[in-house]
Visitor: 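This is the structure I have questions about; it appears just below.
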Amino acid sequence: MMPGISRFMLSAVAAGTFFVVGCTSVEGEGAAGQAPDESAPANQPQIELCKQMLETFRSNAADAFVQLLPENLRATFGKNEFIGARKSLTDTLGEMSGYRLLTELKHPLVKVYIWQVGFARKSGDGKEIEQEILLKAIISDVDGKPQIISFVFI
């Protein structure tokens, strides 16, 4: 457990963030047709967890996505919430075309990552529309293991 932060505080912060948005993004070739992000540190457990979250979102693997969340968050963001959030996002932006890590924000207690996430869809006249949004993912080590505390599209 992290010094100075209780499970209750982590749960409250996470639940508040999920009520604001409650969705996540995915990886591939890089955001909106860009090359893969080679600069993301390999084998850093917190970044790998973010990548797993993005990949399960991309592949529409609701059960796998929900299993990445801590047990207390599964009560507010389960399979049905995943399905609804993903449908809403893909209906608006299209399918995820890629992602890349932009930066890690400084925070004394948690890891805060900002990801650039690309989406692509066809317009009414058949032209490809590419869009990008940001994903903010907050990861904390709980009992020595990285856990998703919250995530939100910006």
Side-chain angles (χ1 to χ4, degrees), residues 1-32 36-37 40-121 131-154:
M1 183 63 145
M2 296 175 41
I5 192 164
S6 70
R7 284 187 187 263
F8 175 77
M9 287 176 53
L10 288 174
S11 297
V13 169
T17 302
F18 275 96
F19 284 115
V20 172
V21 175
C23 200
T24 299
S25 306
V26 189
E27 169 181 336
E29 301 83 46
D37 181 15
N43 300 321
Q44 187 175 14
Q46 297 85 356
I47 290 175
E48 292 303 315
L49 179 58
C50 288
K51 288 180 178 182
Q52 286 178 332
M53 179 177 65
L54 291 167
E55 287 300 326
T56 57
F57 181 85
R58 174 188 222 153
S59 63
N60 200 17
D63 290 330
F65 184 93
V66 171
Q67 287 303 308
L68 293 173
L69 303 176
E71 187 174 328
N72 62 325
L73 294 181
R74 292 181 204 152
T76 59
F77 196 88
K79 183 176 179 176
N80 291 335
E81 290 78 14
F82 171 89
I83 291 167
R86 187 179 189 285
K87 180 177 180 349
S88 176
L89 196 59
T90 56
D91 285 352
T92 303
L93 300 173
E95 290 296 324
M96 185 179 293
S97 59
Y99 65 82
R100 69 183 186 109
L101 177 63
L102 291 180
T103 193
E104 178 183 341
L105 302 177
K106 290 183 182 181
H107 192 284
L109 300 175
V110 296
K111 300 282 188 180
V112 181
Y113 298 106
I114 304 296
W115 295 81
Q116 179 182 359
V117 183
F119 290 85
R121 64 181 174 88
Q131 299 177 79
E132 296 173 335
I133 60 174
L134 298 176
L135 169 69
K136 178 181 174 184
I138 301 175
I139 310 295
S140 178
D141 284 340
V142 178
D143 297 330
K145 184 176 156 188
Q147 290 190 357
I148 299 166
I149 299 304
S150 70
F151 58 94
V152 61
F153 281 109
I154 303 167

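Only this structure's heavy atoms are used, side chains among them; waters, hydrogens and symmetry mates stay out.
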Visitor: Would you mind reporting whether Lys111 and Tyr113 have side-chain heavy atoms less than 4.5 Å apart?
Guide: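 Side chain of Tyr113 against side chain of Lys111, heavy atoms only: contact under 4.5 Å found.
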
Visitor: For the side chain of Thr76 and the backbone of Leu73, is there at least one donor-acceptor N/O pair under 3.5 Å apart?
Guide: yes

Visitor: Can you tell if the side chain of Trp115 reaches within under 4.5 Å of the side chain of Ile47, non-hydrogen atoms only?
Guide: yes

Visitor: CD/Gln147 to CD1/Ile138 distance, rounded to the nearest 0.5 angstrom?
Guide: 14.0 Å

Visitor: Working to the nearest 0.5 angstrom, can you tell me the gap between Gln46 CD and Ile148 CD1?
Guide: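 Atom-to-atom, Gln46:CD and Ile148:CD1 are 11.5 Å apart.
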
Visitor: Would you give the length of the straight line joining atom CD1 of Ile149 to atom CG of Asp141, rounded to the nearest 0.5 angstrom?
Guide: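 It is 9.5 Å, given to the nearest 0.5 Å.
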
Visitor: Once rounded to the nearest 0.5 Å, what's the spacing between atom OG of Ser150 and atom CG of Leu69?
Guide: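 Nearest 0.5 Å value for the OG-CG distance: 10.5 Å.
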
Visitor: Quick test of your reading: applying salt bridge (charged side-chain N to carboxylate O under 4.0 Å, His left out), list the pairs with at least one residue in residues 66-79, sequence neighbours left out, ordered by first then second residue.
Guide: Asp63-Lys79

Visitor: Does the plane of the ring in Phe82 sit parallel, tilted or perpendicular to the ring in Phe77? Use 30° and 60° as the thresholds.
Guide: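 Perpendicular.
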
Visitor: Would you please name every residue forming a salt bridge (Lys or Arg N to Asp or Glu O under 4.0 Å) with Lys136, sequence neighbours left out?
Guide: none

Visitor: Evaluate the side-chain proximity of Asn60 to Thr90: yes if any heavy-atom separation is below 4.5 Å, no if none is.
Guide: no

Visitor: How close do Thr56 and Ala64 get, counting heavy atoms only, and between which atoms?
Guide: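 Result for this residue pair: CG2-CB, 3.7 Å.
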
Visitor: For Glu55 and Gln52, indicate whether the former's side chain and the latter's backbone hold a donor-acceptor pair under 3.5 Å.
Guide: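 No, the answer is negative, given that no donor and acceptor are paired below the 3.5 Å cut-off.
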
Visitor: Can you see which heavy atom on Met53 is nearest to which on Ala137, and at what distance?
Guide: CE-CB, 4.1 Å

Visitor: For the atom pair CD1 (Ile154) and CG (Leu134), what is the distance rounded to the nearest 0.5 Å?
Guide: 5.5 Å

Visitor: Find the distance between CG (Leu93) and CD (Glu132) and round it off to the nearest 0.5 Å.
Guide: 11.0 Å

Visitor: Taking Ser97 for the side chain and Gly118 for the main chain, is one N or O donor matched with an acceptor at less than 3.5 Å?
Guide: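 Yes: the side chain of Ser97 pairs with the backbone of Gly118.
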
Visitor: Looking at the rings of Phe151 and Phe57, which for Trp means the six-membered one, are their centres under 6.0 Å apart?
Guide: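 Between Phe151 and Phe57, the centre distance exceeds or equals 6.0 Å.
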
Visitor: Looking only at heavy atoms, which two atoms of Gly78 and Val66 are closest? And how far apart?
Guide: C-CG2, 3.5 Å

